[in-house]
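Chain letters run A, B, ... following the sequence lines, proteins first, then strands; residues in each count from 1.
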Amino acid sequence: DAGITQSPRHKVTETGTPVTLRCHQTENHRYMYWYRQDPGHGLRLIHYSYGVKDTDKGEVSDGYSVSRSKTEDFLLTLESATSSQTSVYFCAISEYGAGMNTEAFFGQGTRLTVV
Amino acid sequence: SQKIEQNSEALNIQEGKTATLTCNYTNYSPAYLQWYRQDPGRGPVFLLLIRENEKEKRKERLKVTFDTTLKQSLFHITASQPADSATYLCALTRNRDDKIIFGKGTRLHILP
């Protein structure tokens with residue numbers, strides 16, 4: 001398995017509280033992605049990073065922010081969690097950008113419940 | 001708007017037969033198309049990638065085709081086995097940005 005660790009693996013939080021999910025990789029891959037997966041919607045891209053301090057929005061970025069201060073870490077923050085952000089969150093990494101011959105490696109996922 | 005559609009939410013196939021899954025896309029000019037497998041409670045795992053200028057790719061019992069005129073990819077599993085039961089996701093990437101966009105997936109059940 002690619003060296004990707006997501007933490008925490010499970011979290012229950014209250015509406016209105018800030019939450020940060022962490023993705024840590026040991027592969028030194030340039031690209032990192034955050035997805036959420038919900039029944040009926042599949043995997044949807046939230047934000048992605050193409051280098052340290054370089055990030056861009058995905059399909060469903062409202063209510064989320066990201067930061068990447070080191071190659072190995074990509075943080076996803078919910079500034080004020082809402083029940084609609086209850087989901088399973090996956091981090092993925094890839095060595096090259098999507099415009100090249102690349103595959104993505106996924107973490108184990110974080111199950112977040114907002115009550 | 002851009003759309004990626006996988007034709008079935010679920011598909012039941014008898015063991016030993018060929019399973020064929022479909023991925024259609026609209027308003028998209030992909031550079032690459034990828035297929036992933038996802039088991040319950042796990043992250044997706046990469047299976048195969050095909051470029052826009054390739055028609056077909058094979059890996060063991062897996063075959064992917066890519067028709068940019070029809071805007072469609074077909075994913076075949078030959079001699080299917082119960083262990084092939086999983087959700088299969090197609091994903092598109094394009095040259096102009098680094099996004100990897102996924103379809104909703106097809107749950108495949110191989111019946112013994």
Side-chain angles (χ1 to χ4, degrees), chain A residues 1-6 9-10 21 23 25 27 29-51 54-61 68 74 87-111, chain B residues 1-10 21 23-25 27-54 57 59 62 64 66 86-108:
Chain A
D1 288 347
I4 311 169
T5 305
Q6 291 185 231
R9 294 292 314 280
H10 302 272
L21 308 183
C23 179
Q25 60 143 330
E27 305 296 323
H29 283 358
R30 180 179 170 189
Y31 294 85
M32 298 186 76
Y33 303 83
W34 276 109
Y35 291 88
R36 60 178 290 175
Q37 189 169 39
D38 306 285
H41 291 280
L43 271 170
R44 292 181 290 175
L45 181 64
I46 305 171
H47 282 280
Y48 66 102
S49 169
Y50 48 96
D54 293 322
T55 64
D56 204 351
K57 295 179 180 179
E59 306 165 277
V60 290
S61 57
R68 190 162 177 208
F74 192 32
S87 186
V88 179
Y89 291 85
F90 285 100
C91 173
I93 65 174
S94 68
E95 187 172 6
Y96 305 110
M100 293 182 63
N101 185 8
T102 188
E103 60 186 270
F105 299 94
F106 281 80
Q108 328 93 299
T110 294
R111 184 173 294 275
Chain B
S1 63
Q2 297 162 351
K3 241 192 232 184
I4 303 168
E5 289 182 343
Q6 296 190 240
N7 64 324
S8 308
E9 276 197 35
L21 283 64
C23 177
N24 295 294
Y25 58 93
N27 298 326
Y28 215 106
S29 297
Y32 298 93
L33 190 143
Q34 305 176 13
W35 284 89
Y36 290 77
R37 169 184 172 138
Q38 187 175 23
D39 292 290
R42 308 290 296 271
V45 174
F46 173 81
L47 295 174
L48 276 171
L49 174 151
I50 188 165
R51 295 182 185 83
E52 61 180 333
N53 59 355
E54 295 178 316
K57 206 78 169 284
K59 180 182 174 183
L62 308 180
V64 173
F66 195 9
T87 295
Y88 291 85
L89 305 164
C90 76
L92 298 179
T93 67
R94 54 191 183 185
N95 286 318
R96 67 180 213 210
D97 59 37
D98 293 308
K99 297 177 182 177
I100 306 176
I101 305 299
F102 284 81
K104 294 180 183 179
T106 296
R107 277 181 289 113
L108 177 64

Quiz item: Taking the inter-plane angle between the rings of A:F106 and A:Y35 on a 0 to 90° scale, is it parallel (under 30°), tilted (30 to 60°) or perpendicular (over 60°)?
Solution: tilted

Quiz item: Under a 4.5 Å heavy-atom cut-off, does chain B meet the side chain of A:L45, its backbone, both or neither?
Solution: side chain

Exercise. Could you look at A:Q37 and say if it's the side chain, the backbone, both or neither that has a heavy atom under 4.5 Å from chain B?
Key: side chain

Quiz prompt | Pair A:Y48 + A:F74: ring centers closer than 6.0 Å | solution = no

Exercise. Please flag which part of B:Q6 lies under 4.5 Å from any non-hydrogen atom of chain A: side chain, backbone, both or neither.
Key: neither

Self-check item: Region of B:L89 in contact with chain A, defined by heavy-atom distances below 4.5 Å
Solution: side chain

Exercise. Would you mind reporting whether A:Q108 and A:F90 have side-chain heavy atoms less than 4.5 Å apart?
Key: no

Quiz item: Does A:D38 have any side-chain hydrogen bond (donor to acceptor under 3.5 Å, both in side chains) partners at least two apart in sequence or in another chain, and if so, which?
Solution: A:R36, A:R44, A:S87

Quiz prompt | Contacts of A:R30 that satisfy salt bridge (Lys or Arg N to Asp or Glu O under 4.0 Å) - sequence neighbours left out | solution = none

Quiz item: B:A91, B:P44, B:G43, B:P30: which one forms the most heavy-atom pairs within less than 4.5 Å of chain A?
Solution: B:P44

